[in-house]
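Structure first, commentary second.
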Number of protein chains: 2
Amino acid sequence: MHESKLHRQVEPRLREAEVRYTKGRRVIVEVLATSDGPRSAAELHADLGATVPISSIYRTLAVLEESGIVTPHFATKGIARYELAEWLTGHHHHLVCVDCGAVEDVDVPDGYEEQVRILVSDIAGVARFTPTNHALEIEGLCKDCA
Amino acid sequence: MHESKLHRQVEPRLREAEVRYTKGRRVIVEVLATSDGPRSAAELHADLGATVPISSIYRTLAVLEESGIVTPHFATKGIARYELAEWLTGHHHHLVCVDCGAVEDVDVPDGYEEQVRILVSDIAGVARFTPTNHALEIEGLCKDCA
DNA sequence: TTCCTTGCAAACGATTTGCATTGGA
DNA sequence: TCCAATGCAAATCGTTTGCAAGGAA
């Protein structure tokens, strides 16, 4: 996805939420767009060479989450990681390394995804639960830790 | 599952890990066995009427996790919840309420589970990832919040 | 000018740890 | 008896917030 296209998608959504699309917010959106998996506040802080204070990163992530630009992810103990929302990146799942904690995105072929969707709605029906989303987390060893 | 049977399963595993199966540890195992979803340290503390200090609960959970008796779960922001490991309870997935944060276990019919297992191994193969486990988290509104 | 946003430091909540005491094999 | 387990309090870590200064409309 080209960077300027991304900003054109994000901008109206933030305007709707009545918040500004500032330089600091753009930078974080850009880093997330080039990451191959969700990033924590500390990781983003490092990605940006500590040019943005950590508290600003948290505030930006909170604003972006409220506006539906990013979604949080909690598969690792004690830390939250964020990624661009699926309307920006497409639906995908995660590979979580149980050794080093790294999280990587994976796409699931359409046929499989369809099976998962059917499974989810069947299960939810039985449990009187109204599903809004699903996440398949595959835990194991990444290629570096194997 | 009958309580004493549970203890008979847990006991040898702890002995193997060279830790004692004390009263405090038994009580936590029992509470987890009667919960219908994973519990946080604070929830366990409350479940036990504050009779066990919170730091002991954390320590017990750490010991039980290292010994493979319980597994952690992180779907809710900022807090870890624990449940009995699958070799004690059977394989299952989770319904996570996006409103109140409650997490409930659900069993998945065998046919579906087989599909998921195939999906996981196919995906992992492509990504050069060695899967050890998978978790299907269904997010949505529980019957109380709907 | 008028708010929104940012930076810094202090505050917070969940979890961990040091140390002296208790308890089980 | 002896070492693991526990309780309490202090420390740590990720995250949030108050407040004053900076920046965009």
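Naming: A, B, ... by sequence-line order, numbering from 1 per chain.
- Every residue meeting the ring-ring contact (aromatic ring centres under 6.0 Å, His included) condition with His92(B), not counting sequence neighbours, appears here in chain and number order: His94(B).
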Under 3.5 Å donor-acceptor pairs involving side-chain atoms of residues 134-146 of chain A, not counting sequence neighbours:
unit_1, atom_1, unit_2, atom_2, d
His134(A), NE2, His91(A), NE2, 3.2
His134(A), NE2, Glu113(A), OE2, 2.8
Glu137(A), OE1, His73(A), NE2, 3.1
Glu137(A), OE2, His73(A), NE2, 3.1

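- Between Arg59(A) and Arg81(B), the one whose closest nucleotide on DNA chain C sits nearer the 5' end is Arg59(A).
- Listed nucleotides dT16(D), dT6(D), dC8(D) differ in distance to Ser55(B); the shortest reach to its side chain belongs to dC8(D).
- Residues from residues 25-47 of chain A that place a heavy atom under 4.0 Å from any atom of DNA chain D: there are none.
- Regarding Ile57(B), its CD1 atom lies at a distance of 11 Å from the P atom of dT6(D), rounded to whole Å.
- Residue Val63(B) is out of contact with every strand shown, counting any heavy-atom pair closer than 4.0 Å.
- The side chain of Ile79(B) sits closest to dA14(C) out of dT17(C), dA14(C), dG18(D).
- The separation between Phe74(A) atom CZ and dG14(D) atom C1' is 13 Å, rounded to whole Å.
- A rotation axis mapping the C1' atoms of four pairs onto the next four is fitted at both ends of the helix from dT1(C)-dA25(D) to dA25(C)-dT1(D) over five pairs, and the angle between these axes is 30° to 10 degrees.
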Please list every donor-acceptor pair under 3.5 Å in which a side-chain atom of residues 43-52 of chain A meets a protein atom from a residue at least two apart or in another chain.
unit_1, atom_1, unit_2, atom_2, d
Glu43(A), OE1, Ser40(A), N, 2.8
Glu43(A), OE1, Ser40(A), OG, 3.4
Glu43(A), OE1, Arg81(A), NH1, 3.0
Glu43(A), OE2, Arg81(A), NH1, 2.4
His45(A), ND1, Val52(A), O, 2.9
Asp47(A), OD1, Arg39(A), NH2, 2.7
Asp47(A), OD2, Arg39(A), NE, 3.0
Asp47(A), OD2, Arg39(A), NH2, 3.0
Thr51(A), OG1, Leu48(A), O, 2.6

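- For the pair Glu18(B) and Tyr82(A), both in contact range of DNA chain D, the more 5′-proximal nearest nucleotide belongs to Glu18(B).
- Going from atom CD1 of Ile54(A) over to atom P of dC13(D) covers 14 Å, rounded to whole Å.
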Review item, nucleotides 22-25 of chain C N/O atoms under 3.5 Å of protein N/O:
unit_1, atom_1, unit_2, atom_2, d
dG23(C), N2, Arg20(B), NH1, 3.3

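- Interatomic distance, CG of Leu14(A) versus CD1 of Ile69(A), reported as 4.5 Å (0.5 Å rounding).
- Residue Ala80(B) is classed as a sugar-phosphate contact, given heavy-atom separations below 4.0 Å to backbone atoms only.
- In this structure, the CG atom of Leu48(A) is 15 Å from the C1' atom of dG7(C), given to the nearest Å.
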